[in-house]
Student: 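Got a structure for you, written out below as structure tokens; questions coming shortly.
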Amino acid sequence: DAGITQSPRHKVTETGTPVTLRCHQTENHRYMYWYRQDPGHGLRLIHYSYGVKDTDKGEVSDGYSVSRSKTEDFLLTLESATSSQTSVYFCAISELGGQRTEAFFGQGTRLTVV
Amino acid sequence: GENVEQHPSTLSVQEGDSAVIKCTYSDSASNYFPWYKQELGKGPQLIIDIRSNVGEKKDQRIAVTLNKTAKHFSLHITETQPEDSAVYFCAALQAGTALIFGKGTTLSVSS
């Protein structure tokens with residue numbers, strides 16, 4: 001398995017509180033992504049990073065912010081969690097270069113906002 | 001941006017039958033199309049992919065076809081087995097930077 005660790009794996013938080021999810025990789029891949037998975041919606045891109053301090057918005061970025069201060073870490077922050085952000089969050093990494101296009105996914109973080 | 005449509009959302013087959021899942025994409029500049037399999041409680045894993053300069057690719061019981069003109073691609077699984085039961089996602093690489101996924105197909109193979 002690709003070296004991707006998501007933490008925490010499970011979290012329950014209250015509406016209005018800030019939450020930070022962490023993705024850590026040991027593969028030195030350039031690209032890192034945050035997706036959310038919801039029934040009937042598949043995997044939707046939240047934000048992604050193409051290098052240290054280089055990030056861009058995805059399909060469903062409202063209410064989320066990200067930071068990447070080191071190649072190996074990509075943080076997703078919910079500034080003020082809402083019940084609509086209850087979801088399973090997946091981090092992914094990729095090189096997107098030549099034959100190394102495959103994206104590898106972490107095990108996911110189940111977030112419940114009550 | 002890229003938009004990927006996937007059908008059907010659920011598919012039930014008997015063991016040994018074939019299964020076909022179809023996807024369409026909107027951005028003609030997309031050039032990489034992977035398929036992922038997700039088992040319960042796990043992250044998606046790549047099972048096969050195809051690039052826009054290839055029309056078909058096979059890997060044992062799995063094949064993917066691509067029609068660039070029509071902007072659609074399909075996953076074919078032959079001789080299905082119970083362990084093929086999972087959620088399958090198609091995706092397209094948007095602007096060379098990020099994968100955009102379809103909504104997924106839940107495949108059930110009954111023995």
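Numbers restart at 1 for each chain; the letters A, B, ... are given by sequence-line order, proteins then strands.
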Student: Quick one: what part of Y31(A) sits under 4.5 Å from any heavy atom of chain B, side chain, backbone, both or neither?
Tutor: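 Looking at Y31(A), just its side chain touches chain B.
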Student: Between Q6(A) and G108(A) (side chain of the first, backbone of the second, donor and acceptor by atom type, cut-off under 3.5 Å), is there such a pair?
Tutor: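 Checking the backbone N and O of G108(A) against the side chain of Q6(A), a donor-acceptor pair under 3.5 Å is found.
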Student: For E59(A), is it the side chain, the backbone, both or neither that has a heavy atom under 4.5 Å from a heavy atom of chain B?
Tutor: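 Answer is side chain: those atoms of E59(A) sit under 4.5 Å from chain B.
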Student: Consider ring pair (Phe, Tyr, Trp, His ring centres under 6.0 Å). Of F73(B), Y88(B), F89(B), which one does W35(B) pass it with?
Tutor: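 Looking at F73(B), Y88(B), F89(B), the match for W35(B) under the ring pair (Phe, Tyr, Trp, His ring centres under 6.0 Å) is F73(B).
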Student: Who among A98(B), G1(B), P44(B), S9(B) has the most heavy-atom pairs with chain A under 4.5 Å?
Tutor: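 Highest number of heavy-atom pairs under 4.5 Å: P44(B).
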Student: Measure distances from Q94(B) to the heavy atoms of chain A and classify the residue's part below 4.5 Å as side chain, backbone, both or neither.
Tutor: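 Neither the backbone nor the side chain of Q94(B) comes within 4.5 Å of chain A.
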Student: Where does L43(A) contact chain B at under 4.5 Å (heavy atoms): side chain, backbone, both or neither?
Tutor: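 Both parts, backbone and side chain.
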Student: Between the side chains of Y33(A) and Y50(A), does any donor sit under 3.5 Å from an acceptor?
Tutor: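 No pair is found: no donor N or O on one side chain lies under 3.5 Å from an acceptor on the other.
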Student: Just checking, any donor-acceptor pair under 3.5 angstrom between side chains of N3(B) and Y25(B)?
Tutor: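 No donor-acceptor contact under 3.5 Å links the two side chains.
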Student: For the residue pair Q6(B) / T105(B), report whether a side-chain donor-acceptor contact shorter than 3.5 Å exists.
Tutor: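 Indeed, the side chains of T105(B) and Q6(B) share at least one donor-acceptor pair under 3.5 Å.
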